[in-house]
Student: 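Dropping a structure here in structure tokens format, bear with me for questions.
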Amino acid sequence: MHLLQFTGLSGAGKTTIARSIKTALEAQGQPVAIIDGDVYRKNLCADLGFSAAHRLENIRRLGAVAHGFVCRGSIAIVAAINPYESGRRHMVHAYGARTVWLDCPLEVLQLRDTKGLYRRAALPEGHQEKIYNLTGVNDPYERPAAADLILHTGHESVDASVSRLLDFIRQCPPTRCPEWLRSE
Ligand code: ADP
């Protein structure tokens, strides 16, 4: 089984691709768990903010949840911005995660702006709707140095990205799990 860690800016397509992959793989009988950062920030990670330390703690927790799914036979996808190399490295070293970078240019994201976040980040200082922690705009995004797969979601269709990811998953060696975490 596999643990995939997605990384990419808000609106790059993490949730869209994760859901499409889940549909495709489950149609073939392969269970998939999506550990979506936006969802877990409402429960398990509700105490965390957006500082570097909290973003790293967020990934650490999502990784532990994902690993549990993998060891029980699912493919797990951590779909979060995951902006720091140290967080991504932790996932690789602790769980053998494969890194999938959804690389979409900022100009495309600003046009898409599905959640209205880029508009809000561009507001003038002091505006009551302005946000100050949007990754890639006014919060850091470290470009991945060691991605296993790059999906160019700015100019590739969703179907094309999903098809490339399915090919990648098929040729990936499985993640190892400790004996005590394997299901009987
Ligand atoms: P994220 O989870 O990264 O914040 P979303 O999946 O919520 O991003 O939104 C991505 C948006 O971009 C969706 O409206 C989706 O239809 C669109 N999109 C266009 N091309 C692609 C692609 N190749 N992969 C993923 N999403 C795409």
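Every number for a ligand or one of its atoms is a count from 1 in the order of the listing.
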Student: Record the part of V158 in heavy-atom contact with ligand 1 below 4.0 Å; permitted values are side chain, backbone, both and neither.
Tutor: both
Student: Going by the atom numbers of ligand 1, which of them fall below 4.0 Å from some non-hydrogen atom of S10?
Tutor: 4 (O)
Student: Using modelled atom types only, decide if a donor and an acceptor are shared between the side chain of R60 and the backbone of G87 within a distance under 3.5 Å.
Tutor: no
Student: Quick check: are there more than 12 heavy atoms from other residues, nucleotides or ligands sitting under 6.0 Å from CD of Q128?
Tutor: no
Student: To which protein heavy atom is atom 19 (C) of ligand 1 closest, and what is the distance rounded to 0.1 Å?
Tutor: R112 NH2, 3.2 Å
Student: Check for me whether S157 has a heavy atom closer than 4.0 Å to any atom of ligand 1.
Tutor: yes
Student: For atom 23 (N) of ligand 1, what's the nearest protein heavy atom and its distance?
Tutor: E156 O, 2.7 Å
Student: Run the numbers for me: atoms of ligand 1, each under 4.0 Å from some heavy atom of S161, listed by number.
Tutor: 23 (N)
Student: So if I count the atoms of ligand 1 from 1 in the order they appear, which ones are less than 4.0 Å from some heavy atom of L9?
Tutor: 3 (O)
Student: Could you tell me if any non-hydrogen atom of K115 lies under 4.0 Å from any atom of ligand 1?
Tutor: yes
Student: Considering distance alone, does some N or O of T15 sit under 3.5 Å from an N or O of ligand 1?
Tutor: yes
Student: State whether Y40 and K42 meet the cation-pi test: NZ (Lys) or CZ (Arg) under 6.0 Å from the six-membered ring centroid, and within 45° of the perpendicular axis.
Tutor: no
Student: In terms of side-chain geometry, is the basic nitrogen of D113 or R120 positioned less than 4.0 Å from the acidic oxygen of its partner?
Tutor: no
Student: Out of curiosity, is D36 lining ligand 1, as in a heavy atom under 4.0 Å away?
Tutor: no
Student: Quick one: does H152 get an N or O within less than 3.5 Å of an N or O on ligand 1?
Tutor: no
Student: Can you name the atoms of ligand 1, numbered from 1 with element, that are less than 4.0 Å from a heavy atom of I17?
Tutor: 24 (N), 25 (C)
Student: Would you mind checking if D38 and K115 are paired as a salt bridge, meaning a charged N to carboxylate O distance below 4.0 Å?
Tutor: yes
Student: Examine the side chains of T153 and D103 and answer whether a donor and an acceptor come within less than 3.5 Å of each other.
Tutor: no
Student: Nearest 0.5 Å please: distance from the OG atom of S86 over to the NE2 atom of H93.
Tutor: 11.5 Å
Student: Check this for me: does any side-chain nitrogen of one of D139 and R55 sit under 4.0 Å from a carboxylate oxygen of the other?
Tutor: yes
Student: Atom 6 (O) of ligand 1: which of L102, V108, T16 has the nearest heavy atom?
Tutor: T16
Student: Show which atoms of ligand 1 fall inside a sub-4.0 Å distance from at least one heavy-atom site of T153.
Tutor: 20 (N), 21 (C), 22 (C), 23 (N), 24 (N)
Student: What residue and heavy atom of the protein are closest to atom 10 (C) of ligand 1, and at what distance?
Tutor: G11 O, 3.3 Å
Student: Within 45° of the ring axis of Y84 and under 6.0 Å from its six-membered ring centre, is that where the NZ or CZ of R89 lies?
Tutor: no
Student: Atom 14 (O) of ligand 1: which protein heavy atom is closest, and how many Å away?
Tutor: T114 CG2, 3.6 Å
Student: Nearest heavy atom to atom 8 (O) of ligand 1: which of A79, G13, G154 does it belong to?
Tutor: G13
Student: Should D167 and R164 count as an ion pair when the cut-off is N to O under 4.0 Å?
Tutor: no
Student: If you look only at pairs with a residue in residues 76-88, which of them pass as a salt bridge (Lys or Arg N to Asp or Glu O under 4.0 Å), with sequence neighbours excluded?
Tutor: E85-R88
